[in-house]
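Remarks on the structure that follows.
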There are 2 protein chains.
Amino acid sequence: MVRTILAAVILCAIFMSRSEAQVQQSLNLMPMPAKVQLGNGRLLIDPSFSVAITGHKEPRLDGAVDLFLGQLRRQTGMPPIDMKVTNSASATLVIQCDGGTKEVQQLGEDESYRLEVANSGARLSAPTTLGVMRGLQTFLQLVQTTGDGFAVPAISIDDNPRFPWRGLMIDVGRHFIPLDVLKRNLDGMAAVKLNVFHWHLSENQGFRVESKKFPKLSGMGSDGLFYTQNGIRDLIAYARERGIRVVPEFDMPGHSTAWFVGYPELASAPGPYETERKWGVFDPAMDPTQERTYKFLDKFIGEMAKLFPDQFFHIGGDEVNGKQWDANSKIQEFMRSHGMKNNQDLQAYFNKRVQAIVSKHGKTMLGWDEILHPDLPKTAVIQSWRGQESLAEAAKQGYRVLLSHGYYIDLMWPASQHYAVDPMSDAVASLSPDERQRILGSEACMWAEYVSPENIDSRIWPRTPAIAERLWSPQDVRDVNSMYQRLEEVSRRLEGLGLTHNSSYAPMLRRIAGSDDISALRALADVVEPVKDYAREQLATVEPTSATPLNRLVDAARPESTTARQFADLVNGLLAGSANAEAKATMRGLLNRWRDNQENLQPLLDKSFLLKEAAPLSQALSALGAAGLAAMDYLDRSERVPEAWKAQQLALVEQARKPQAQLLPMVAPSVEKLIEASAGPIPLPAK
Amino acid sequence: MVRTILAAVILCAIFMSRSEAQVQQSLNLMPMPAKVQLGNGRLLIDPSFSVAITGHKEPRLDGAVDLFLGQLRRQTGMPPIDMKVTNSASATLVIQCDGGTKEVQQLGEDESYRLEVANSGARLSAPTTLGVMRGLQTFLQLVQTTGDGFAVPAISIDDNPRFPWRGLMIDVGRHFIPLDVLKRNLDGMAAVKLNVFHWHLSENQGFRVESKKFPKLSGMGSDGLFYTQNGIRDLIAYARERGIRVVPEFDMPGHSTAWFVGYPELASAPGPYETERKWGVFDPAMDPTQERTYKFLDKFIGEMAKLFPDQFFHIGGDEVNGKQWDANSKIQEFMRSHGMKNNQDLQAYFNKRVQAIVSKHGKTMLGWDEILHPDLPKTAVIQSWRGQESLAEAAKQGYRVLLSHGYYIDLMWPASQHYAVDPMSDAVASLSPDERQRILGSEACMWAEYVSPENIDSRIWPRTPAIAERLWSPQDVRDVNSMYQRLEEVSRRLEGLGLTHNSSYAPMLRRIAGSDDISALRALADVVEPVKDYAREQLATVEPTSATPLNRLVDAARPESTTARQFADLVNGLLAGSANAEAKATMRGLLNRWRDNQENLQPLLDKSFLLKEAAPLSQALSALGAAGLAAMDYLDRSERVPEAWKAQQLALVEQARKPQAQLLPMVAPSVEKLIEASAGPIPLPAK
């Protein structure tokens, strides 16, 4: 097969130009497979659809086929009978699986598959059940409604992942996230071929796992919000059915206040301790100089090593500020007597001890950047939140590494910004092939200062599939327009799996409005985004804590405004002279709506305490609408704007760009472009 | 307290006219409490909210408060900490519970409560935990977003249900409905104070319960779609936490083909049997003349009586056509030798035998109308699907009775039609007080020929709260406009509980369209309703079976079109001369949209095989839009229409009224009114 890596837009173009005019569908595959070749015709999917499994058999494979059939039924509305798994070679879809999977899913197990669809039937072959799982997800993405039935286009796909570790980390320490919410997110992960759920289980603000050996961990350090061991086993089984490994993280020696509520003797200062309510880096840290610390950790890690079957065990290791160590004379004496120059040396000593414990219990240790130290055994894996340089450095030193820098989805970046980050770029690009082999992959990280069960899906989805594609697809799959087009389709499919990133939006706006008529609020909310990076803390007027309600507009607004992105495209089109009358009418319609929106919103602003802070934002949007319309008028008349008007409008945009209520009006840059253009060399836009 | 039963509209009016202008909210209570009196001011709800439980304590009460707090947090976005249940008398909400509940919830346990809310705090008192549960639901309905916080108005409510049995029946035999779907429906039931989940567990098309004693029941008669006993116990516990009894139904001796697949010896003809795929009444029936039948039922009912703790055990008993009995000479001989005149006598014999078994296992038997027979012991309860006359007859004979006639929600009636049905009306009204005491209540019945996990919520909700109000609220609460207004609010609250009656609509339309742009399809779908009563079978071109996909427009369309109802209100307003310019513009906007919709929909009609059947419906809607606009033009000009035009238009409406694709265009009657009016005495509508 000719290697044909193609972005979806190109695929669509080829597809649409095919002689069978009835085949008019786009291939909304995400992540894009390694090799795709379109054939002739398509396979109809109707209630006679059947699946046969040939070759290797294991319960996990049967389970994968059951999940697949359930999803196919949900997608098509077909009934749950008459679609049985048969062993007949006459089945619609024949699955040839060459071998089984490990009892505990391993890093690097073969996930490749080959999918061939013809008019008469489909064949999915894979070396392992994992490959079958990935291929079945691709098959589901290919199912379309057509003029004479549901159908999958004739196609030939040869696929395998670029990186073996493609993760999503969810922090359940800062805000507890119930198991049902995690499960639906696992469904989402499976749909976009992510294969590691990194479960950040302890934080200053909460210890979320039941320990039978140390019941006060969750008993006193969780506000009653934790997972039972049965619940955890259930989630791990759920993940395994979807080809997802579950890697637990217990952060130590810092980020550990919640441990000390029940067990103050672990800390480097006497206590007593309370579960932390604030956000940030705090002083409490485990005492690395006491043997009882390691005895505790030995018993605890032993218990957790049994509970979590995965090979890897994440010990965190990040952000120890060392203040408790500095203030403790016994610790200082210990450091002197062991010739330790600084706190990094002390933490390296701690890590080495913990590494031995983790290793004793049969696990491989994983930690954040800070665990990197000449004393750290080379078997440990480093997860970099600092960036490619740190990543390259660790790989050079012989460690296996994961990149998370650039994939922090709590920072509210647009999907395109994450999509542009490549684990193999920058400093990593210059590594030797052997060193590059040590780059295992990456993880999208959902840190949880500002997420609740209600809005967490809207932070993770739909942006995360862009990261999933970066980690699965060949490096040269990077067309941003194609990515966004396919992301929209993926987003809708994820809804069908029960994710609430879209469905939670209107109910939150209704609550904020205290009204059922939210059209004006929605017009505003649709074009704003939460402030980026760590600006939310900086802009807070009252210090946010874990007891702060997450019920404001900033909690409902999407991380990325689709409307603003589309408006930007329209403005770019206009300024490039390619806007037709319809595009211009759409732009004017939007600008009109924004200009008039403040007046429409005012009754709600008066009515709801949750909305009062949004008044300046609403005024800014109205001003932007008016300025944009005026600029379009000048452009339409091919009249150059007076300099004074331009200066005044730009000052207004500058003002409007400022965050209000921790939100940014995302159409400001596009309106600025319109103003600049109306004052620049006169373009002659197509009418 | 003065008895003040007020419909919500009146309450709102009083509320709005109060001197505190900032209190501008409506009381969207449903079901309307027995007595409501508004006070002065309101109680603010913020993260310092706390609950204290005084008086009787039981785990079920703590659970109820936890559920309440969880729901309050979801409604307000407040965090799950700092809202602990405390025992302090300084709590925001003090719950005084006088006594516990039975280990197994009983029919007729006290559900009354008294809720008093003042500026400074709230007090909920009730004789039992059940009353507390009901009162907490009322409290949740009172929480509103206001200008300076979430708040509950100062209010005094004294409430208790009109009937002790307020049920929802779900048929899981014809289409299997998974436990998670049932659980969210239990959440919905609790929200509107329904207290019996009647679980119709066996049908010709499927036997849905695992029996350890007779594993072939679900093993061969369920297509693999059944509940494990653990799953059933889990659901019963879930229901109990919400104050809901679970009454199992195993339909016998008819509606029982699925039993015979594994156990043909139970039947009155030799078999073999296959699970039925078609809908209707079928010949297979248990053999009432064989002792082995009763031995089987004794073991089976004994097992189920342990699994289902409720006092009542439903044996179905409906629709036995008797054909297998007529054709079996041994049965005929048995009837002769026992002096039985007809099949009713034989079924009565069967019922009496089964009643003895049910009674032996400590349960009270319940059955449909047909079990009524002079031989039936008076302890049995009759559920009437035939109507008030049958109901009254049974009550006169001394049986306790339930009404389900008029509450069959699969018949696609509007909420107002169910709301108008009263269990105490017609023949029942003339009963003596003692006889009336025997009317226990009613059940909404969700028969499942045409429901799947995807659309079942949209059939049950939002109409069922109207039935719930009929069963809870005083008989004179019957203002239809108020009901619809409150139903809209309840519908949104139910969404917040996870019900999918709204959220499943657009994804289904997208699948039907095979496109993401569903605006034209939605315009059509919004004004059509599935055909009523049993017309769907009559109009089917291909006989529907349990293997028929439920993915057509008729499966997505709502049972009741809100748009059509609102348009009818506008037309009535216009013809009454009370329409202002805005109302008229709205009408013209709608009519214009409908007229032009066929053109907009055409590309989708061409594209999707699922939509082709809707073409005539779309054409009819366009014709109705055009006719309505023309009629409005005549009315505006105060010009009488030519008779020929009127006749032509009415013929067109007559044509358009006809079902197409098993759907009815619900705006046809309103357009007809416009045409009639334009030809009648000239009104002078307000401009």
Heavy-atom neighbours of A:Q602 CD exceed 12 at 6.0 Å: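 Enclosed.
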Mark yes when over 12 heavy atoms from residues, nucleotides or ligands other than B:E274 sit less than 6.0 Å from its CD; otherwise mark no.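 Count not over threshold, so no.
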Minimum-distance pair of heavy atoms, taken over all atoms of [X] and [Y]:
{"X": "A:I512", "Y": "B:T145", "answer": "O-CG2, 4.1 Å"}
{"X": "A:G77", "Y": "B:E454", "answer": "CA-OE1, 4.4 Å"}
{"X": "B:P47", "Y": "A:A547", "answer": "CB-O, 4.4 Å"}

What distance separates B:E489 CD from A:D516 CG, expressed to the nearest 0.5 Å?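 Result: 5.0 Å between the selected atoms.
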Are [X] and [Y] close enough that some pair of their side-chain heavy atoms sits under 4.5 Å apart?
{"X": "B:F609", "Y": "A:D46", "value": "no"}
{"X": "B:K607", "Y": "A:T146", "value": "no"}
{"X": "B:S546", "Y": "A:P79", "value": "no"}
{"X": "B:R510", "Y": "A:R492", "value": "yes"}

I'd like to verify something: which residue of A:P507, A:S503, A:G149, A:G514 has the highest number of heavy-atom pairs under 4.5 Å with chain B?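 Heavy-atom pairs under 4.5 Å are most numerous for A:G149.
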Quick one: of A:K612, A:Q75, A:R552, who has the most non-hydrogen atom pairs under 4.5 Å with chain B?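 Heavy-atom pair counts peak at A:Q75.
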Where does [X] contact chain B at under 4.5 Å (heavy atoms): side chain, backbone, both or neither?
{"X": "A:T275", "value": "neither"}
{"X": "A:S608", "value": "both"}
{"X": "A:F176", "value": "neither"}
{"X": "A:R74", "value": "backbone"}

Can you tell me which of B:T548, B:D606, B:L605 forms the most heavy-atom pairs within a distance under 4.5 Å of chain A?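 Answer, by heavy-atom pair count under 4.5 Å with chain A: B:T548.
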For A:Q144, is there any backbone N or O sitting under 3.5 Å from a side-chain donor or acceptor partner on B:R511?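 Flag not set: sc B:R511 to bb A:Q144 has no pair under 3.5 Å.
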